Amino acid sequence: MKTILTGIRSNSVLTLGNYLGALLPMVRLANKYSGEYQFNVFVPDLHSIISEIDGNFKENTLRTLKYYLAAGLLVNKNVHIYRQSYVPAHAELCWILNCTATMGEMSRMTQYKEKSEGKASCNVGIFDYPVLMAADILLYSAEFIPLGEDQFQHIEITRDIAERFNHKHGEVFVLPAKTAEQIKFMEIEKAIRIRDLISPEKKMSKSTVAENSKIMLDDTPEAVRKKIMSATTDSVGVIHFDMVNQPGISNLLQIEALVSNRPLSEVTAEWDGKTSYGDLKKQVSETVAKMLEEFQARLKEISDEDVILLLEEGEKYANEIANAKLLEVQKAVGLR
Ligand code: ATP
Ligand code: MG
């Protein structure tokens, strides 16, 4: 059985961008292809510590996993939930792959450039995390990795690193599918990029300091309304879906479509040519507030114990698969 894998860093509460770009696509795939694939849902806690941790790390980690359950992930014997740091093979394979990846290709990664921009110094983890991500994927020979648009570059780099390794040491790694195939499999028109509400030319990120720039999954309906009603728009004065010239308005149309689970073309047709930005904002506020209220109610029903039980099973499975692949790699390199 092939594997579909996903992870979201648990450095803080998640945003609506994480939910729509990564969490929901995974849940949909897991429920649709149940029985046909193995589904690995992990918290990349080693990735999380490249950033400041906002809140209690252990609570963040459990909460991130609960989010999947609250979003409707149906757990069965093919769904494996684990923490990255409980599977030491990830860190060890990362080291081995560090000796295949090059400084040049890692320096070109957009996420690294954005996260280090303007900083006097930045930790090596921020530079190196795509290699750890390659290890996360290659250990399980994962074919599909539901992710937001910002992370697709890292799938491509994973393919490059794996190909180079295979060329030198023999066919050890199975390459993940190419970006276009990933998008087709996720049944989306293009990779999802929810925009920052204040600066819609940027993506929404959980580590952005300005609270009004992001919808958090624990926001109250009042907070959602306040943030969306004050979202940056434009001076065009007419609603069109145009991410280049009207990114703020287009972002709201995209959020409306994804949250209400309707095709973007349908939502766009409904609003195109209308002139009241306020009406659109009100509609989007209500759609998001209602979704979050229901989501938060489901979240309350899930206990720490529910998740810990799943982790025990999942970490046993993940260690078995990952250690077997690591041994293959060690032998190929000559370490064993
Ligand atoms: P940080 O600011 O800490 O980097 P982040 O919001 O970028 O936080 P990550 O943990 O880096 O979150 O990414 C987790 C997943 O969420 C990834 O699959 C990423 O592609 C997806 N994601 C993040 N932001 C967005 C967004 N704005 N739109 C769609 N998907 C997103
Ligand atoms: Mg990020």
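All of these numbers come straight from a predicted model, not from anything done at the bench. We count ligands from 1, going down the list as the structure has it; atoms in each ligand are counted the same way.
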(Q) Check this for me: does any side-chain nitrogen of one of Lys325 and Glu328 sit under 4.0 Å from a carboxylate oxygen of the other? (A) yes
Q. When you measure from atom 2 (O) of ligand 1 to every protein heavy atom, which one gives the shortest distance, and what is it?
A. Ser207 OG, 2.4 Å
Q) Going by heavy atoms in the side chains, are Glu149 and Lys190 under 4.5 Å from each other? A) no
Q. Is it true that Glu312 and Lys316 have a side-chain N and a carboxylate O under 4.0 angstrom from each other?
A. no
**Q.** Closest approach of any protein heavy atom to atom 10 (O) of ligand 1, naming residue and atom
**A.** Lys206 NZ, 2.7 Å
Q) Of the protein's non-hydrogen atoms, which lies at the shortest distance from atom 3 (O) of ligand 1, and what is that distance? A) Arg9 NH2, 2.6 Å
**Q.** Trace of the ring pair (Phe, Tyr, Trp, His ring centres under 6.0 Å) decision for Tyr37 with Phe185
**A.** CA-CA 13 Å; Tyr37 285 86; Phe185 187 74; 5.7 Å; yes
Q. Quick one: does Lys115 get within less than 4.0 Å of ligand 1, heavy atoms only?
A. yes
Q. Taking distance alone, with no angle check, do Arg193 and ligand 1 share an N/O pair under 3.5 Å?
A. no
Q. At a 4.0 Å threshold, what atoms of ligand 1 neighbour a non-hydrogen atom of Gly21?
A. 29 (C), 30 (N)
**Q.** Candidate pair Ser48 and Asp45, rule side-chain hydrogen bond (donor to acceptor under 3.5 Å, both in side chains), full reasoning
**A.** CA-CA 5 Å; Ser48 305; Asp45 50 0; over 6 Å; no
**Q.** Protein heavy-atom partner closest to atom 14 (C) of ligand 1 - residue, atom, separation in Å
**A.** Ile8 CG2, 3.5 Å
Q. Between Leu147, Leu23, Asp150, which one has a non-hydrogen atom sitting closest to atom 20 (O) of ligand 1?
A. Asp150
Q: Could you list which atoms of ligand 1 come closer than 4.0 Å to a heavy atom of Ala22?
A: 15 (C), 16 (O), 18 (O)
Q: Determine the minimum heavy-atom distance between Arg63 and Ser12, stating which atoms define it.
A: NH2-C, 3.8 Å
Q: Before giving the answer on side chain to side chain contact (heavy atoms under 4.5 Å, CB included), spell out for Ile194 and Ile255 the whole-Å C-alpha distance, their side-chain angles and the decisive distance to 0.1 Å.
A: CA-CA 7 Å; Ile194 302 300; Ile255 291 174; 4.0 Å; yes
Q | Glu222 atom CD, neighbour heavy-atom count above 12 within 6.0 Å | A | yes
(Q) Closer than 4.0 angstrom, basic N to acidic O: yes or no for Lys32 and Glu187? (A) yes
Q | Best match, Thr6, Ile194, Asn251: closest heavy atom to atom 28 (N) of ligand 1 | A | Ile194
Q. Is the closest N or O pair between Thr15 and ligand 1 shorter than 3.5 Å?
A. no
**Q.** Atoms of ligand 1 close to Gln151 [distance to a heavy atom under 4.0 angstrom, numbered from 1]
**A.** 17 (C), 19 (C), 20 (O)
Q. Do Ser34 and Asn76 meet the criterion of a side-chain donor-acceptor pair at a distance under 3.5 Å?
A. yes
Q | Per-atom contacts of ligand 1 with Gly148, taking only distances under 4.0 Å to non-hydrogen atoms | A | 18 (O), 19 (C), 20 (O), 21 (C), 30 (N)
Q | Identity and separation of the nearest protein heavy atom to atom 13 (O) of ligand 1 | A | Asn18 ND2, 4.0 Å
Q: Could you tell me the residue and atom name of the protein heavy atom closest to atom 30 (N) of ligand 1, and the distance to it rounded to 0.1 Å?
A: Gly17 O, 3.3 Å
**Q.** For Met204, atoms of ligand 1 separated by under 4.0 Å from a heavy atom
**A.** 24 (N), 25 (C), 26 (C), 27 (N)
Q. Which of the atoms in ligand 1, numbered in the order shown and given with their element, are less than 4.0 Å from a heavy-atom of Ile192?
A. 28 (N), 29 (C), 30 (N)
Q) Any nitrogen or oxygen of Lys203, main chain or side chain, under 3.5 Å from a nitrogen or oxygen of ligand 1? A) yes
Q: Run the salt-bridge test on Glu105 and Arg164 with the 4.0 Å N-O cut-off and return the result as yes or no.
A: yes
**Q.** Where ligand 1 meets Asn11 - atom numbers and elements under 4.0 angstrom, heavy-atom basis
**A.** 3 (O)
Q) Can you list every salt bridge (charged side-chain N to carboxylate O under 4.0 Å, His left out) pair that touches residues 268-286, not counting sequence neighbours? A) Arg225-Glu286, Arg262-Glu270
